[in-house]
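Everything on this sheet refers to the single structure shown next.
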There are 2 protein chains.
Amino acid sequence: MESEELRNVGLKVTTPRLKILSLLENAKAKHMTAETIYRQLSEGGEVIGLATVYRALAQFEAAGLITRHQFEGGQTVFELERGPHHDHIVCARCGRVEEFYDKVIEDRQREIAEKLGFTLSDHALTLYGECSNGTCTAKNG
Amino acid sequence: MESEELRNVGLKVTTPRLKILSLLENAKAKHMTAETIYRQLSEGGEVIGLATVYRALAQFEAAGLITRHQFEGGQTVFELERGPHHDHIVCARCGRVEEFYDKVIEDRQREIAEKLGFTLSDHALTLYGECSNGTCTAKNG
DNA sequence: ACTCTACATGAGAATAATTCTCATGTGCAA
DNA sequence: TTGCACATGAGAATTATTCTCATGTAGAGT
Ligand SMILES: [Zn+2]
Ligand SMILES: [Zn+2]
Ligand SMILES: [Zn+2]
Ligand SMILES: [Zn+2]
């Protein structure tokens with residue numbers, strides 16, 4: 001249950017936090033902006049402040065429940081941290097986001113950091129391109 | 001000469017543009033924010049608007065003269081596009097930025113994009129970590 | 001060199017995303 | 001239950017960036 005998750009990371013179980021977590025869990029889009037989360041909850045009849053959404057997301061991130069991504073051009077998006085780590089590829093035309101995990105790249109990153117005298121703690125990798133004409137849902141061909 | 005560079009990409013040769021290019025060329029820091037460029041030029045006695053700096057940087061980027069990076073937490077930084085492509089590793093404590101190029105990672109990215117049905121056009125890779133105690137110049141231990 | 005025009009500029013207003021402030025509300029340990 | 005540390009909503013404030021607009025100027029054509 002979501003209450004568990006909150007308790008486990010030392011956060012009080014409150015209605016706004018539960019609503020946000022469960023929206024992230026159930027929404028059609030896996031990667032959502034703060035604004036979108038706010039809007040969808042508001043439309044669903046919740047009374048919630050945008051500041052509360054931002055606050056909760058920051059806390060969830062600090063607690064490791066969610067991750068934050070900054071795709072170029074776009075707003076910051078958040079996604080539930082479930083399953084193994086992955087990186088992203090974004091279609092520059094239609095905005096579609098696909099996920100991937102590549103062990104070779106992950107390992108190489110660690111080696112590179114080491115070679116340069118760094119202790120690796122995190123990384124951000126995003127590929128940009130255009131998805132095939134068949135799948136691309138761009139507004140204007 | 002910098003005038004050449006501007007002409008080559010179809011931009012008029014103007015004083016602000018020359019000053020910005022030459023600052024990027026000569027400044028101690030290789031990765032600079034728009035604000036820093038603006039401040040350093042102003043301190044050097046130039047009369048230049050911040051909007052002009054942003055405009056010029058956007059044009060330089062579109063023309064391929066510079067690249068833009070968004071390191072997490074920090075402001076957008078720009079750097080002259082000289083020499084081969086590289087990615088970055090940033091120290092979370094002192095902010096030091098090192099550059100690296102790794103053929104294995106670059107090749108893998110292309111393969112991954114292909115496998116997912118994308119035509120790769122760009123990518124952003126930044127590693128985060130802490131540099132060794134010897135080199136780290138963090139404010140507070 | 002002179003002129004004309006499209007493009008560039010500086011200053012400040014405007015926007016967008018995010019964070020802060022503060023008066024009020026509430027989870028939960030005791 | 002009660003108390004209080006923490007959470008919340010609303011709106012103000014901040015930050016980074018872009019826009020507006022009146023004026024200036026690079027450089028093509030004379
Ligand atoms: Zn990864
Ligand atoms: Zn993802
Ligand atoms: Zn690269
Ligand atoms: Zn660099």
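In this text the structure is predicted, and so the values were computed from the model without any measurement. Hydrogens, waters and symmetry mates are skipped; everything else that's a heavy atom, side chains included, is used.
For the pair B:Q59 CD and C:dT9 P, the computed distance is 7 Å after rounding to whole Å. Distance CD (A:Q70) to P (D:dT17): 11 Å, rounded to an integer number of Å. We find that CG of B:L57 is positioned 12 Å from P of C:dT9, with the value rounded to whole Å. Per the geometry, CD belonging to A:E72 stands 15 Å off P belonging to D:dT17, to the nearest Å. With rounding to whole Å, B:L41 atom CG is found 10 Å from C:dG10 atom P. Residue A:F78 contributes atom CZ, which lies 13 Å from atom P of C:dA17 at whole-angstrom precision. Atom P of nucleotide D:dA16 and atom CZ of B:R68 are separated by 14 Å, given to the nearest angstrom. Rounded to whole angstrom, the span from the CG atom of A:L6 across to the C1' atom of C:dT26 amounts to 15 Å.
Relative to the side chain of A:Q75, the nucleotides C:dA8, C:dG10, C:dA17 differ in distance, and C:dA17 lies closest. Of all nucleotides listed (C:dC28, D:dA10, D:dT8), D:dT8 comes nearest to the side chain of A:P16.
Base engagement by A:T52 is indicated by at least one non-hydrogen atom pair under 4.0 Å involving a base atom. Here B:E35 lies out of heavy-atom contact (under 4.0 Å) with every strand. Within the 4.0 angstrom heavy-atom criterion, only backbone atoms of the sugar-phosphate kind lie near B:T76; the bases stay farther away. As judged by a 4.0 angstrom heavy-atom cut-off over every strand, B:R17 is placed among residues touching the sugar-phosphate backbone only. Among the heavy atoms of the strands lying under 4.0 Å from A:L50 is at least one base atom, whether or not backbone atoms are also near.
No hydrogens or angles considered: a donor-acceptor pair under 3.5 Å links the side chains of A:T135 and A:R96.
Residue B:A51 is the one, among B:T14 and B:A51, whose nearest nucleotide of DNA chain D lies closer to the 5' end (criterion: closest heavy atom). Nearest-nucleotide positions on DNA chain D for B:R55 and B:R7 put B:R55 closer to the 5' end. Residues B:V53 and B:K12 both approach DNA chain C. Their nearest nucleotides, taken by heavy-atom distance, put B:K12 toward the 5′ side.
In this structure, A:H123 has its ring center closer than 6.0 angstrom to the ring center of A:H85.
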Between B:H88 and B:F71, is the ring pair (Phe, Tyr, Trp, His ring centres under 6.0 Å) condition met? List the steps.
CA-CA 9 Å; B:H88 300 87; B:F71 300 144; 5.3 Å; yes
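Across B:E61, B:H31, B:E79, a single residue satisfies side chain to side chain donor-acceptor pair (under 3.5 Å) together with B:R68, and that is B:E61.
The closest donor-acceptor contact from the side chain of B:Y128 to the backbone of B:E72 lies under 3.5 Å.
When the side-chain nitrogen and oxygen atoms of A:Y54 are compared with OP1 and OP2 of C:dT19, none of them lie within a distance under 4.0 Å.
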